[in-house]
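Remarks on the structure that follows.
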Amino acid sequence: MNDARTGERHWADREAVEILQREPEAPVVETGISPSGPFHVGHLREILTGDALTRALRERGAAARLVFIVDNLDPLRKVYPFLDAGVFGPLVGRSLCELPAPDGEGRYDEHFLRPFLSALGRLGVDAEVLPASELYASGRMDEVVLRALEQRDLLARIQQEVTGKSLPETWSPWNPRCPACRRIDQGEVLGFDREAGTVRSRCRACGEEAEQPIAGGGKLTWRVDWPARWKALSVTSEPFGKDHASRGGSWDTGARIAREVYGMEPPHPVIYEWIGLRGQGDMSSSRGNVLTVGELLEVVPPEVLRYFVLKARPARAITFDPGLPLLRLVDEVDNAAARGRDERALELSRAGRFRPVGVPFHHLVLVGQLAGFDAERVIALLERGGYRDLDRGAVEERLVLARGWLERFAPDEARVEIAETLPDAARHLEPDQREYLARLATLLPDLEGASADAIHERLYALASIEGGPGPRRAFEAIYRALLGRDRGPRAASLIEIWGPRRAAARLAEAAEAAAG
RNA sequence: GGGCCGUUAGCUCAGCCGGUAGAGCAGUGGACUUUUAAUCCAUCGGUCGGGGGUUCGAAUCCCCCACGGCUCACCA
């Protein structure tokens, strides 16, 4: 890493070096997300930041682990807009892992987690997924929980000092789950027994009193849970969103608790900014219009999503635009000769076997439309356009994505559709353009079945004759007649695919309409 | 109000453990039997938000200010 001077060092490398100073052998990177709703692009930053760190650590010879905690013990806080109030209203306060899925099939947490995990697999994220429910049930948290119960007063003091807010007398770091009504957010701790490893509690909701084992009987409150996990799992680094980072936030309390209660240095923090969304309106899980990771993988290769996130320093807010800008990103990843690409970020973006296509994504979208997304015809068109040595399988794969992008995110300009009837734009043509179309219309029927190259010859030759409109304006006239726009894909291909005879009729119609 | 991040060419950004600025896109010129951000070559383009300070020397370090975004109920 002697390139510090040239500034080519990636943020993940810099952080890795610092983490290794603290734990050179087996650093543990922890990340975590609450499965209360769909996982979207924003969540990607949490896990990918952790993944990049882990990779950078492993490259340096460390036996780094990436632990992904699923906070499925968290209670359902309210009835989210995408939930049925009748079903979920009465279930508020229960752990996410004890709720039915929104569609009624299976478990709530798994409903949201499953697609995310499969996306992670495709993204090449090598993480140990650990649901909080299992972490607690395993007993691995018992000791840190007992310590918290014993240090209740100290914890309360720290929290009050850091947040400036007072806590009720009955506050406890432990949230017991009521064995009767299953709520995990209403319990009041009455006492605990270190020898037996149990907690006595009463439920404020239903009044039930019980004595339950720590393992499986509840969870720590978030602010204590976090540092307790650091201790229990020997966490050495933790990426987290800036919401936790603000003054008086959970990082501040967590860091103190780590030192004063658990006698450890808090993990090396990596604070990241948020990912905004452009093009589809702001992302808002409450409105339900989120971009899920799975959705995006139907549109671009996983490497592109990784690259998008890893290219920017975590502290930098970035905006995700699934429209045209996303395509640029695809090309940057696909084309080894692309300028301005961040090689190191790209290296960290590998997600398995990436098959470059060598055709700009936007062009593929275009050709795909012309050829009805039929792989054979697409490849024929591409070859005619000068692309050689195409990796057939890679093209086919990418073509599926191109189609997905077109259907889901393409702006109108990217769509090629031959107008059903003569477009209005075709009425505005100069005399020489009209003349051109009229003459072309008489030639085209003879070209039925001809190759696009042959057709192009004629288009071009006719445009260039004495008194002709010249290529540029000739093509403009054709596009107006067929698409109602001034520009378009290779006119010859368009005509070949639509059929020269049909095109001829349209061009003649345009020539006439413009004259009248 | 507290805090975090940002303010570098028209746009998006890199550079930031100091040595008088870079890329992509846009623009301009040219090439091309040019076609939906086209490609290739060349080129124009910056008082590095403002003001102080440290230093032989600062976009890079320190302080102050302005503007912008975000965040402060366990929503990454």
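What you see below is based on every heavy atom in this structure, not just the backbone, and it leaves out hydrogens, waters and symmetry mates. Below, chain A is the first sequence line, B the second, and so on; all start at residue 1.
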For Ala414(A), answer base if it contacts any base atom (sugar-phosphate contacts may also be present), sugar-phosphate if it contacts only those atoms, and nothing otherwise; contact means non-hydrogen atoms under 4.0 Å. base

Nearest of A76(B), G15(B), U34(B) to any side-chain atom of Arg14(A)? G15(B)

Separation of atom NE2 in His363(A) from atom C1' in U34(B), rounded to whole Å: 13 Å

What integer distance in Å separates Trp251(A):CH2 from A73(B):P? 19 Å

Looking for any heavy atom pair under 4.0 Å, which part of the strands does Ala317(A) touch: base, sugar-phosphate only, or nothing? nothing

Any salt bridge between Arg14(A) and Glu18(A), counting N to O under 4.0 Å? no

Rounded off to whole Å, could you give me the CZ-to-P distance for the Arg328(A) and U12(B) pair? 13 Å

So what does Glu476(A) hit on the nucleic acid, given a heavy-atom distance under 4.0 Å: a base, only sugar-phosphate, or nothing? nothing

Please determine, for A58(B), whether a Watson-Crick or G-U wobble partner exists with both distances under 3.5 Å, and give it or none. none

Which nucleotide, if any, forms a Watson-Crick or G-U wobble pair with G1(B), using both distances under 3.5 Å? C72(B)

I'd like to know if Glu303(A) and Arg306(A) make a salt bridge, using a cut-off of under 4.0 Å between side-chain N and carboxylate O. no

Let me know the distance between OH of Tyr479(A) and P of U36(B), rounded to the nearest Å. 6 Å

Take atom P in G46(B) and the same atom in G10(B), then report the distance between them in whole Å. 8 Å

Give none if G46(B) has no partner; otherwise give the nucleotide forming a Watson-Crick or G-U wobble pair with it, both distances under 3.5 Å. none

Reckon Arg45(A) touches a base, only the sugar-phosphate, or nothing at all at heavy-atom distances under 4.0 Å? nothing

Nucleotide of C74(B), G69(B), A76(B) approaching Arg223(A) most closely (side-chain heavy atoms): C74(B)

Taking atom P in both A59(B) and U7(B), what distance in whole Å separates the two? 15 Å

Can you confirm whether or not the ring centre of Trp251(A) sits under 6.0 Å from the ring centre of Trp230(A)? yes

Can you tell me which nucleotide in A76(B), C5(B), U33(B) comes closest to the side chain of Ala315(A)? C5(B)

Using a 4.0 Å heavy-atom cut-off across all strands, classify Asp331(A) as base, sugar-phosphate, or nothing. base

Donor-acceptor pair under 3.5 Å: do we get one between Arg77(A)'s side chain and the base of A73(B)? no

Nearest-angstrom distance, C1' atom, G45(B) to U8(B): 14 Å

Closest of U36(B), A73(B), A76(B) to the Lys165(A) side chain is A73(B)

Asp74(A) has an atom CG; how far is it from atom C1' of A73(B), in whole Å? 13 Å

Below 4.0 angstrom, N of the basic side chain to O of the carboxylate: do Asp74(A) and Arg94(A) qualify? no

In the structure shown, which nucleotide is the Watson-Crick or G-U wobble counterpart of G22(B), with both distances under 3.5 Å? C13(B)

In whole Å, measure the gap between the P atoms of C16(B) and A21(B) for me. 15 Å

With the side chain of Arg316(A) defined as its heavy atoms from C-beta on, choose the nearest nucleotide among G69(B), A37(B), G6(B). G6(B)

To the nearest angstrom, the CZ-P distance between Phe39(A) and C75(B) comes to 13 Å

NA contact type, Leu366(A), heavy-atom cut-off 4.0 Å: base, sugar-phosphate, or nothing? base

Can you measure Trp274(A) atom CH2 to G68(B) atom P for me and round it to whole angstrom units? 22 Å

Residues 109-120 of chain A side chain polar contacts: donor-acceptor under 3.5 Å, at least two apart:
{"residue": "Asp109(A)", "atom": "OD1", "partner": "Arg107(A)", "partner atom": "NE", "Å": "3.1"}
{"residue": "Asp109(A)", "atom": "OD2", "partner": "Asn72(A)", "partner atom": "ND2", "Å": "3.0"}
{"residue": "Asp109(A)", "atom": "OD2", "partner": "Arg107(A)", "partner atom": "NH2", "Å": "2.8"}
{"residue": "Ser118(A)", "atom": "OG", "partner": "Pro115(A)", "partner atom": "O", "Å": "3.3"}

Answer yes or no: does a side-chain N or O of Arg313(A) lie under 4.0 Å from OP1 or OP2 of C16(B)? no

Shortest side-chain distance from His43(A), nucleotide among A76(B), U36(B), U34(B): A76(B)

Between Arg77(A) and Asp185(A) (salt bridge meaning N to carboxylate O under 4.0 Å), is one present in this structure? no

Per Leu324(A) side chain, nearest of listed nucleotides C74(B), A76(B), A37(B): A37(B)

RNA chain B: 5'-proximal contact among Ser36(A) and His362(A) (nearest heavy atom): His362(A)

Donor-acceptor contacts under 3.5 Å from residues 476-484 of chain A side chains, at least two apart:
{"residue": "Glu476(A)", "atom": "OE1", "partner": "Gln433(A)", "partner atom": "NE2", "Å": "3.1"}
{"residue": "Tyr479(A)", "atom": "OH", "partner": "Gly488(A)", "partner atom": "O", "Å": "3.3"}
{"residue": "Tyr479(A)", "atom": "OH", "partner": "Pro489(A)", "partner atom": "O", "Å": "2.6"}
{"residue": "Tyr479(A)", "atom": "OH", "partner": "Ala491(A)", "partner atom": "N", "Å": "3.4"}
{"residue": "Arg480(A)", "atom": "NE", "partner": "Asp486(A)", "partner atom": "OD1", "Å": "2.7"}
{"residue": "Arg480(A)", "atom": "NH1", "partner": "His428(A)", "partner atom": "O", "Å": "2.4"}
{"residue": "Arg480(A)", "atom": "NH2", "partner": "Asp486(A)", "partner atom": "OD1", "Å": "3.4"}

Position toward the 5' end of RNA chain B (nearest nucleotide), Glu457(A) or Ala312(A): Ala312(A)

Under 6.0 Å between ring centres: does that hold for Phe240(A) and Tyr272(A)? no

Could you check which of A73(B), A76(B), U33(B) has an atom nearest any side-chain atom of Tyr272(A)? A76(B)

Whole-Å distance, Leu76(A) CG to A73(B) P, equals 19 Å

Separation between the C1' atoms of G51(B) and A66(B), rounded to whole Å: 10 Å

Specify whether His40(A) and His43(A) have parallel, tilted or perpendicular ring planes, treating 30° as the upper limit for parallel and 60° as the lower limit for perpendicular. tilted

Please report the distance separating the C1' of U39(B) from the corresponding atom of G3(B), rounded so that it comes out in whole Å. 49 Å

Any-strand Watson-Crick or G-U partner of G6(B), both distances under 3.5 Å: C67(B)

Look at the side chain of Leu327(A) and decide which nucleotide, out of U35(B), U34(B), A37(B), has an atom nearest to it. A37(B)

U35(B) and A42(B), which share atom name C1', separated by this distance in whole Å: 23 Å

Checking N1-N3 plus N6-O4 or O6-N4 for Watson-Crick, or N1-O2 and O6-N3 for wobble, each under 3.5 Å, the partner of U39(B) is A31(B)

Could you tell me how far U54(B) sits from C62(B) if I compare only their C1' atoms? Round to whole Å. 7 Å

